[in-house]
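First comes the structure, then the notes that go with it.
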Protein chains: 2
Amino acid sequence: MTHSFQHWCNELERKLSRNQQRLTPQRRLIADVLFAQSGHVNVDELHQLVRQRDGSVGYATVYRTLKLLETLDLVHTNTFVDGTARYEVASDDDSHHDHLICRDCGYVTEFENAEIEQLQESVAVRLGFELVDHRMVLYGRCTKVDCAHRDAATKS
Amino acid sequence: MTHSFQHWCNELERKLSRNQQRLTPQRRLIADVLFAQSGHVNVDELHQLVRQRDGSVGYATVYRTLKLLETLDLVHTNTFVDGTARYEVASDDDSHHDHLICRDCGYVTEFENAEIEQLQESVAVRLGFELVDHRMVLYGRCTKVDCAHRDAATKS
DNA sequence: ATCCTTGCAAATTGTTTGCAGCTAG
DNA sequence: CTAGCTGCAAACAATTTGCAAGGAT
């Protein structure tokens with residue numbers, strides 16, 4: 001499950017100071033905004049949201065901060081929605097969720113499935129690999145006549 | 001299983017002529033080179049290989065041809081190796097394979113697993129979607145001390 | 001003082017497009 | 001001829017980088 005911003009931010013500060021790096025106002029702000037979004041923001045969207053709170057933050061800083069957060073393993077990246085990099089806060093525990101995305105409206109749902117993960121593990125072993133990570137995205141369509149999530153698409 | 005170039009190329013010609021499009025020498029050459037590579041070539045590599053046989057073929061033609069082949073469903077695209085688009089010949093039947101990629105050497109292995117696909121189907125249904133497609137990539141490491149595929153990496 | 005960070009602008013990278021000439025039917 | 005196709009160069013979009021100035025320790 002996702003934890004509190006407080007906790008996540010402490011984690012961030014701790015990891016930064018370990019490398020003589022600083023939790024600057026810009027970084028804290030970007031982290032805050034990213035955390036507030038439940039997930040899958042791209043750099044442009046994030047930058048705009050950040051600017052609403054501090055108009056002086058530059059594009060490059062958002063890029064650099066996200067890359068930093070990624071190397072600290074505090075956010076995860078994916079590019080499956082529209083090719084541009086999108087970010088989401090990494091979960092605290094070692095749990096891993098995958099994504100199901102609607103081809104009609106672009107709505108993204110998250111899910112976990114231990115059974116599949118187990119099979120992935122055994123596939124890897126059978127092929128002589130130690131499984132480190134995986135990415136899985138299901139593409140589908142709402143089964144209703146009118147895509148139930150179509151509203152969600154227009155908002156983005 | 002993958003079929004013969006002959007067959008695949010006929011398929012290409014047929015689909016092209018259906019839309020008053022032509023199987024030009026350039027397109028045939030690109031198709032040939034792509035087919036010869038077992039898979040996962042990017043545009044740059046492909047372009048260089050093509051140029052070895054015909055130095056006059058332009059970059060844009062390679063891009064356009066690949067996009068064309070993709071819309072005709074004769075090749076598949078993926079970007080999971082290094083972010084750049086990579087291509088592989090689409091399989092004849094409706095079988096679908098996924099990829100296992102070594103974090104150490106970048107070697108790509110393919111596999112099929114019906115059990116996982118079945119579970120994906122049921123996950124989608126449970127969430128109210130009709131499953132259309134999926135992408136799955138496993139990231140691992142060779143279990144040997146020396147990555148067994150390291151040589152393959154240096155060649156790319 | 002030192003060294004991390006920032007904002008800006010310029011540079012890169014991967015990919016797409018406009019256009020004039022060429023080619024097949 | 002007409003329409004599709006090509007190569008080139010220019011255009012684009014996403015991301016990265018160099019640099020001089022600002023700020024924390």
Side-chain angles (χ1 to χ4, degrees), chain A residues 12-34 40-48 50-72 75-87 156, chain B residues 9 12-34 40-72 75-87 156:
Chain A
L12 168 56
E13 192 157 16
R14 198 164 50 72
K15 289 186 174 183
L16 284 174
S17 64
R18 198 182 290 163
N19 310 353
Q20 296 85 259
Q21 291 176 300
R22 299 165 196 162
L23 182 45
T24 62
Q26 290 94 327
R27 286 177 178 172
R28 168 166 248 124
L29 173 56
I30 290 165
D32 191 9
V33 169
L34 177 61
H40 312 124
V41 226
N42 70 24
V43 180
D44 202 61
E45 291 159 3
L46 195 56
H47 180 236
Q48 296 207 14
V50 165
R51 287 228 159 183
Q52 287 174 15
R53 293 227 242 144
D54 177 351
S56 71
V57 177
Y59 223 100
T61 301
V62 177
Y63 267 104
R64 285 192 273 232
T65 301
L66 287 171
K67 226 173 75 172
L68 178 64
L69 289 171
E70 199 187 354
T71 66
L72 297 178
V75 308
H76 287 150
T77 313
N78 67 261
T79 61
F80 53 72
V81 176
D82 60 356
T84 78
R86 302 189 99 91
Y87 296 84
S156 73
Chain B
C9 213
L12 169 55
E13 192 157 16
R14 199 164 48 72
K15 289 187 174 184
L16 284 174
S17 63
R18 197 182 289 162
N19 310 351
Q20 296 84 258
Q21 293 177 298
R22 298 167 197 161
L23 183 45
T24 62
Q26 291 94 329
R27 287 177 177 174
R28 167 165 249 125
L29 175 55
I30 291 165
D32 190 11
V33 170
L34 177 61
H40 311 125
V41 227
N42 70 24
V43 180
D44 202 61
E45 291 160 2
L46 195 55
H47 180 235
Q48 296 207 12
L49 291 168
V50 165
R51 286 229 159 181
Q52 288 174 14
R53 294 226 244 144
D54 176 351
S56 71
V57 177
Y59 224 100
T61 302
V62 177
Y63 266 104
R64 285 191 273 233
T65 301
L66 287 170
K67 226 172 77 172
L68 178 64
L69 289 171
E70 200 187 354
T71 66
L72 297 178
V75 308
H76 288 151
T77 313
N78 67 259
T79 60
F80 54 73
V81 176
D82 60 356
T84 78
R86 301 190 100 90
Y87 296 84
S156 72

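Residue numbers begin at 1 in each chain, while the letters A, B, ... track the order of the sequences.
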(message) For B:C9 versus B:R28, what's the shortest heavy-atom pair and its separation?
(response) SG-NH2, 3.9 Å

Send over the distance from [X] [atom1] to [N] [atom2], rounded to a whole Å.
X	N	atom1	atom2	result
A:L66	D:dT15	CG	P	10 Å
B:L29	D:dG7	CG	C1'	15 Å
A:L23	C:dT6	CG	C1'	15 Å
B:L69	D:dC5	CG	P	12 Å
B:Q21	C:dT23	CD	C1'	16 Å
B:Q26	C:dC22	CD	P	14 Å
B:N19	D:dG4	CG	P	10 Å
A:D82	D:dA13	CG	P	14 Å

(message) It should be established whether A:T61 places a side-chain nitrogen or oxygen under 4.0 Å from OP1 or OP2 of nucleotide C:dT5.
(response) no

Donor-acceptor pair, [X] side chain versus [Y] backbone, under 3.5 Å?
X	Y	result
B:E45	B:N42	yes
A:R51	A:V57	yes
B:D82	B:T84	yes
B:H40	B:N78	no

(request) Would you check if B:T65 and B:T24 make a side-chain contact, meaning some heavy-atom pair closer than 4.5 Å? (result) no

(message) So B:L23 and B:L12, do their side chains get closer than 4.5 Å, heavy atoms only?
(response) yes

(message) Which residues pass the ring-ring contact (aromatic ring centres under 6.0 Å, His included) test with B:Y87, not counting sequence neighbours?
(response) none

(message) Heavy atoms only, 4.0 Å cut-off, all strands: where does A:R51 land among base, sugar-phosphate and nothing?
(response) sugar-phosphate

(message) I'd like to compare against my own output: the B/S/- annotation of nucleotides 10-20 of chain C with a strict under-4.0 Å heavy-atom distance to protein.
(response) ----SBBBB--

(message) Strictly under 4.0 angstrom, non-hydrogen atoms only: write out the protein contact profile of nucleotides 20-25 of chain D, one letter per nucleotide from the 5' end, B, S or -.
(response) ---BB-

(message) How long is the straight-line distance from CG of B:L29 back to CZ of B:R27, given to the nearest 0.5 Å?
(response) 13.0 Å

